[in-house]
Amino acid sequence: MRHELPLNNGWKTLPRPPVEFLQPDFDDSGWQTVRLPHTNLELPLDNFDPASFCFVTGYRRVLTFDPAWSGQRVFVVFEAVMARAEVWLDGIFVAEHCGGYTPFEVEISAEVLAQGQALLAVVADAEEAPDIPPFGHAVDYLTYGGIYREVHLEVRPARYLATLTLETPALNRGHPRVQGFLYLDAPWTGELPLVGTVRICDHQTGEERASGAVGWAPGDRQSPYELEVPGALLWALDSPVLYDLVVDTDEDRLVKTFGFRHAEFRPEGFFLNGQPVKLRGLNRHQSWPVVGYAMPRRAQAADADLVKFTLGCNVVRSSHYPPSRHFLDRCDEIGLLVFEEIPGWQHIGGTLWKQVALQNVEEMIVRDRHRPSVILWGVRINESADDDEFYRATNALARRLDHRPTGGVRNFAGSRFFEDVYTYNDFVHNGSNQPLEPRSKIARAKVPYLVTEHNGHMFPTKKADTEARRVEHALRHARVQNAAAADSGISGALGWCLADYGTHADFGSGDQICHHGVVDQFRCFKPAAAFCASQRDASAFGEVVSRLAIGDHDAAVLKALWVFTNSDEVRVFTGNLFVQTFYPDRKRFCGLPHPPVLVDDLIGNAIENEPGLNRGQARTVKAFLQAYQRRGGMPSLRYLVPMFWVMFQKKWKTTDVYDLYTRHIAGWGAGARSYRFEGWSRGTKDWEQTLGPTHAARLELTCDTTELVEGITWDVARVEVRLLDTHGNEVWYGAAPVTLEVEGPLNLQGSPCRPLTGGSTAYWLTTTGEKGTARIRARTDQFVSETAQVTVR
Ligand code: GAL
């Protein structure tokens, strides 16, 4: 019977090894012992040499074969090695694989198996070889080196079930149905047909829901299958029900997890199970600080959770390459749609390069064609020029392998169109113009249309930028998403991008970082993330994206502030005084499910409580005070003359007016005020936040898990450290050096000491192979956080 053994522990590694390392008798006792996923170089957080990890790394490991495997076939499966790998067994070259993002496998020959043991040596070549996508020209991302995904050994019968196609057609009043072809690794050579069964089982409970027979006549490699599953539940965004397709022959078993769902792009938009769904999403790079790409399951899954549950998106693009299977597994589990694409960035290389690109199409689709989350294959090189022959070939290959639609991301209008969906990076918005181009101008036809990127380099925004810039960054995301939502010809839009990412010196801010994320590279929120989160429906969210600190604004004038919330209304108070209720701005943001709330009047009705003021006088006084605030000085006659009249009527002196200003607005030269914001929906308070004069008050440490599990490899926890003020808000310009203290069986990725960025940072802690409980604490000069505990099982 088929089985799998993880091969992630006990690798010996050395950068730039001598060629003798490929030989079994080479002495590697001086080499470092590591576990996979492994990065070939741990990097500083920024400002590093982007070529520093582009070298050959040697990996060695002894494989031990069980005599019980004799007569079976044994494979070593690599989930990804950057960017070119050579695999050697006992000093003999076995295979080469080009391309750093897709899996490949090598078979161990019967002779080697008979030896009982063999030395596996891997050359992991992270050079940016011009024959391998995405290389050959500038690339706006880094391709960190190493065997950065997991490796396992797989024992299979002599003729094994290699792969399958899987389609769940639209429900036309019938029962949910799954169909496709099952493929053996090679044509069946037995004299009698090979027979088997296909079963559909509940993914959670294993309970069988339907079954049928399949068979391969001599000479057949493929066998069709089709099963109806009465009563099966559909895979939907808020109830992503999964089933297992279990194929059994006498000697083998293949299991693929899938969902019954029908996804379709039409010129009128995207439809899931026949219902229109406006796609709202982000692009994701799979990189992290320090370790680049080398992260195991939990961190991959955490990114999917962040996109879906925290940021309220329903789609993610795996820009610009196939992501880890763990990321996609999680997308299947939680109902997050995926646009998956082949590696590449703007540049199309020569013949060899194109061959690797086609191979990437195949490896990506074969790996992931059972997944309910994947709704679109990206089969063009991101933002490349037209190349009819090449793109006819990538599309034809994709269509031969799977029924799903293809897309191909462009950055120009009127491109030659061989795909099913016109996917376009729309960067037209500059803050003051239209948010998006019309489809008619770009695709020039009424075709299915998706905006695959927006914002990004148009407004790079650092976590610690000024409030005005951070808020404008968020509003740009809001404007584009609003425009996409309001246009029925646009299936949706995916912002550039989820997290800040490492990049080449030709891009970024000169620090090797592209600050384009709605979260920073540590996955800490910028206000743009608060905007995303405010669009979710699952749980209440509200954040006032200001600190009300006039000194952070030009001419000390804070004209208005925005609240990103999914609550129905925002009530504002100052002290015990109710100021006013503010509502979602449906005029400016008519398309969004939860328009931002503009708070442009912090005096509100409070002025009417001033003794002896009638309504008209109150209005005059308020207009005057606000004009004074806007201008940062004496307003124009339009406000001044009516104000003089009120002063005359009330016998006020100038000092009385100053007094009013101080009480209702304050500002330059007077004490600042505190305000309480409350989000309310249907008579219930969802959240509250207080802002006003404050100072740093404590250091908060949160860990995304209390338990780590040594499974097929090491596990990882994310620890976020935030400096909070007296009101519990993140101190937006907190830059104190912080040190993370860890006692117990966990290792820290990178240095324990670093400055906070815009009030926060995060660390990743990894298991070491030892069990026990670790205690984690952060400190700055001023504060010590509480201690968190993480237990390793
Ligand atoms: C796009 C590109 C992305 C990223 C982005 C920055 O043109 O596809 O990879 O570079 O620009 O805004």
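For ligands, and for the atoms within them, numbers begin at 1 and follow the listed sequence.
- Considering F53, Y144, Y501 in turn, Y144 is the only one that fulfils the ring pair (Phe, Tyr, Trp, His ring centres under 6.0 Å) rule with Y293.
- For D131, the salt bridge (Lys or Arg N to Asp or Glu O under 4.0 Å) criterion is met by no residue, not counting sequence neighbours.
- Within the structure, salt bridge (charged side-chain N to carboxylate O under 4.0 Å, His left out) pairs that include any residue of residues 134-146 do not occur (at least two apart or interchain).
- Within 4.0 Å of ligand 1, protein heavy atoms belong to D140, H320, W345, N382, E383, N425, F427, E453, G456, H457, W496, Y501, H516, listed by chain and number.
- Centroid-to-centroid, the aromatic rings of Y321 and H285 come within less than 6.0 Å.
- A salt bridge links D303 and R523; the closest N-O separation between the charged side-chain nitrogens and carboxylate oxygens is under 4.0 Å.
- A search for salt bridge (Lys or Arg N to Asp or Glu O under 4.0 Å) contacts involving K462 returns nothing, not counting sequence neighbours.
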